[in-house]
Amino acid sequence: MLLAWLGTVGLIMATMFPPNGAESRLRMIVVILLTFGLVAISPLALMAIDFRNLALKAIFIGPALVALHYCWQVFRLSNVRERWFLSMVSLLLVMAPLLWYLQRPTPPEAVVYDTAEAREVTLIVENSTQEGHPVMGLASLSKVPYARIHYQDRTYTPLGAGRVISFPRETHRSQYVIRELVQPNPASSRWPVRVVWALHDKSGRLMARRELWQRSTSYWSADTPSGWQGQNAADFFRRVLTPLGRMAVPDELYPEARLRVEPTSIIRPVSHADMAKRVAGCEAGITMGEGEKFGHLQSASPDWRFSARLPIDQVFCTGDSTYLIYAMSGRHIEVDRLTLEGRFIGQQRINLPDDLSVGTSHFKYVSRFDAGPLGVSMQVNFMDGLPSPGQPEVPVSGLRISLETNR
């Protein structure tokens with residue numbers, strides 16, 4: 001604290017006595033005071049490199065740059081004896097923060113002891129802290145094309161394009177276990193959380209390990225690679241434990257269908273109850289889950305769960321299939337089809353013509369839906385707002401959209 005105050009006095013004197021107008025002894029006193037301040041602030045200035053906020057960087061690095069500039073001007077104006085003195089002071093100045101920087105605690109480097117190929121893995125996530133949180137989990141690992149991922153009490157199968165379906169977990173244990181551990185970090189008070197990713201085989205042998213240090217939910221130590229850390233961790237396991245297959249590309253439901261779009265003039269008001277009932281025509285065992293970011297579709301018997309990268313807007317059951325509607329934007333709609341047993345059949349993206357006016361409505365509601373082996377048809381109502389209890393919303397426009405296969 002004393003060094004910092006001496007450095008502050010040096011900055012004040014540097015503004016009062018420019019190097020060109022001050023006598024030699026006074027310049028040396030100012031340089032010594034600035035040196036004390038630089039020694040005090042150098043660890044903070046080095047840590048400021050981690051800061052993402054430019055204002056915080058300026059607060060810590062700005063005074064240091066001012067002091068260094070003054071010292072350099074004094075060095076240019078000094079004689080040989082004075083320059084030797086300033087050189088010794090500069091050496092002490094450099095050594096203190098350099099030793100601190102070299103001895104600062106840092107995460108251990110990632111190590112890979114062995115690699116392998118695998119069709120399935122077991123994922124275990126443990127969090128023993130209040131401040132930290134898992135950053136990879138199933139969400140990022142499911143982007144790696146393993147045939148099956150055993151996690152908690154379910155077995156997940158990635159289907160491509162962010163889609164995942166799961167069933168009750170199989171009894172056998174996979175050959176390889178991936179662990180994501182969020183733990184307190186005793187090695188650093190500045191980075192109180194460490195996230196450890198480790199790969200073991202069935203016998204418990206460690207095959208690879210990676211560790212990063214974290215503070216709060218968005219700050220990482222300076223040696224952390226850029227990018228989304230959950231995806232970086234998944235890519236690390238992809239390189240160490242190579243999937244035997246590739247991520248499947250969902251089949252198109254109606255690859256040769258012809259799109260037909262017609263405006264409809266008969267549009268009834270949409271109530272709050274209509275919007276709340278997002279599952280239509282399905283048995284009581286098929287429900288929409290709300291626990292995840294985008295929700296998921298759950299079947300009680302047989303037990304399966306389907307989730308996707310997009311918010312599921314509405315679900316329709318017809319015949320032996322379940323259809324999921326994703327209203328991406330005003331001109332794009334996606335449809336997924338699953339059997340009632342939980343088998344993923346494929347998807348269909350519907351792109352409305354560019355010359356078709358859909359207005360500026362941000363909300364859509366499918367009031368009628370029908371599908372079969374030769375095509376799909378629906379009536380889509382466009383609304384400027386959502387209905388509230390007791391106050392229905394009248395759609396501003398409606399379209400009959402059909403995909404028909406000529407066979």
Side-chain angles (χ1 to χ4, degrees), residues 46-47 49-52 100-156 158 164 166 169 173-243 292-293:
L46 289 172
M47 287 190 295
I49 299 174
D50 297 343
F51 298 161
R52 292 176 171 82
W100 174 87
Y101 185 80
L102 293 176
Q103 295 178 359
R104 82 191 195 287
T106 57
E109 294 186 3
V111 292
V112 177
Y113 300 107
D114 197 4
T115 60
E117 295 180 338
R119 292 188 180 276
E120 60 182 67
V121 296
T122 297
L123 173 64
I124 299 175
V125 179
E126 298 177 1
N127 184 3
S128 57
T129 70
Q130 293 183 348
E131 183 178 2
H133 64 94
V135 296
M136 181 186 72
L138 180 66
S140 295
L141 190 62
S142 61
K143 298 177 183 178
V144 182
Y146 297 117
R148 288 180 296 276
I149 301 175
H150 307 290
Y151 176 60
Q152 294 180 347
D153 59 345
R154 302 189 71 82
T155 295
Y156 295 81
V164 179
S166 67
R169 182 167 177 171
R173 187 178 182 183
S174 58
Q175 180 68 27
Y176 302 100
V177 179
I178 293 175
R179 294 179 180 270
E180 181 177 22
L181 309 176
V182 185
Q183 304 169 328
N185 183 15
S188 173
S189 58
R190 174 170 170 76
W191 306 103
V193 176
R194 66 175 183 178
V195 185
V196 179
W197 296 278
L199 173 65
H200 297 80
D201 63 11
K202 196 172 183 178
S203 65
R205 179 175 62 94
L206 179 64
M207 298 177 59
R209 186 182 187 278
R210 184 171 182 263
E211 179 176 333
L212 294 179
W213 291 357
Q214 186 184 36
R215 183 178 70 251
S216 71
T217 58
S218 58
Y219 292 98
W220 298 85
S221 53
D223 39 30
T224 301
S226 61
W228 183 252
Q229 301 311 319
Q231 189 59 47
N232 288 341
D235 291 340
F236 172 73
F237 289 118
R238 185 198 297 263
R239 294 189 297 268
V240 176
L241 192 63
T242 306
E292 299 177 4
K293 182 179 180 180

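This one's a predicted model, so the numbers in the text were calculated from it and none came from an experiment.
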Atom [atom1] of [X] and atom [atom2] of [Y]: how far apart are they, to the nearest 0.5 Å?
X: E120; Y: Q175; atom1: CD; atom2: CD; answer: 9.5 Å
X: T129; Y: L181; atom1: OG1; atom2: CG; answer: 11.0 Å
X: R239; Y: T115; atom1: CZ; atom2: OG1; answer: 12.5 Å
X: R215; Y: S189; atom1: CZ; atom2: OG; answer: 10.5 Å
X: I149; Y: S174; atom1: CD1; atom2: OG; answer: 10.0 Å
X: R179; Y: H200; atom1: CZ; atom2: NE2; answer: 6.5 Å

Do the side chain of [X] and the main chain of [Y] share a donor and acceptor less than 3.5 angstrom apart?
X: E180; Y: G137; value: yes
X: S142; Y: P158; value: no
X: S128; Y: V182; value: yes

If you define the side chain from C-beta out and look only at heavy atoms, does anything of [X] sit under 4.5 Å from [Y]?
X: R169; Y: Q152; value: no
X: F236; Y: I178; value: no
X: V125; Y: Y151; value: yes
X: V195; Y: W220; value: yes
X: L212; Y: W191; value: no
X: R210; Y: P107; value: no
X: R209; Y: V196; value: yes
X: W213; Y: R194; value: yes

Using every non-hydrogen atom in the two residues, find where [X] and [Y] come nearest and quote the distance to one decimal.
X: V135; Y: W197; answer: CG2-CZ2, 3.3 Å
X: V144; Y: A234; answer: CG2-O, 3.8 Å
X: H133; Y: N127; answer: CA-ND2, 3.8 Å
X: L138; Y: L123; answer: N-CD2, 3.7 Å
X: F237; Y: L199; answer: CE2-CB, 3.9 Å
X: D201; Y: S203; answer: OD1-OG, 2.8 Å

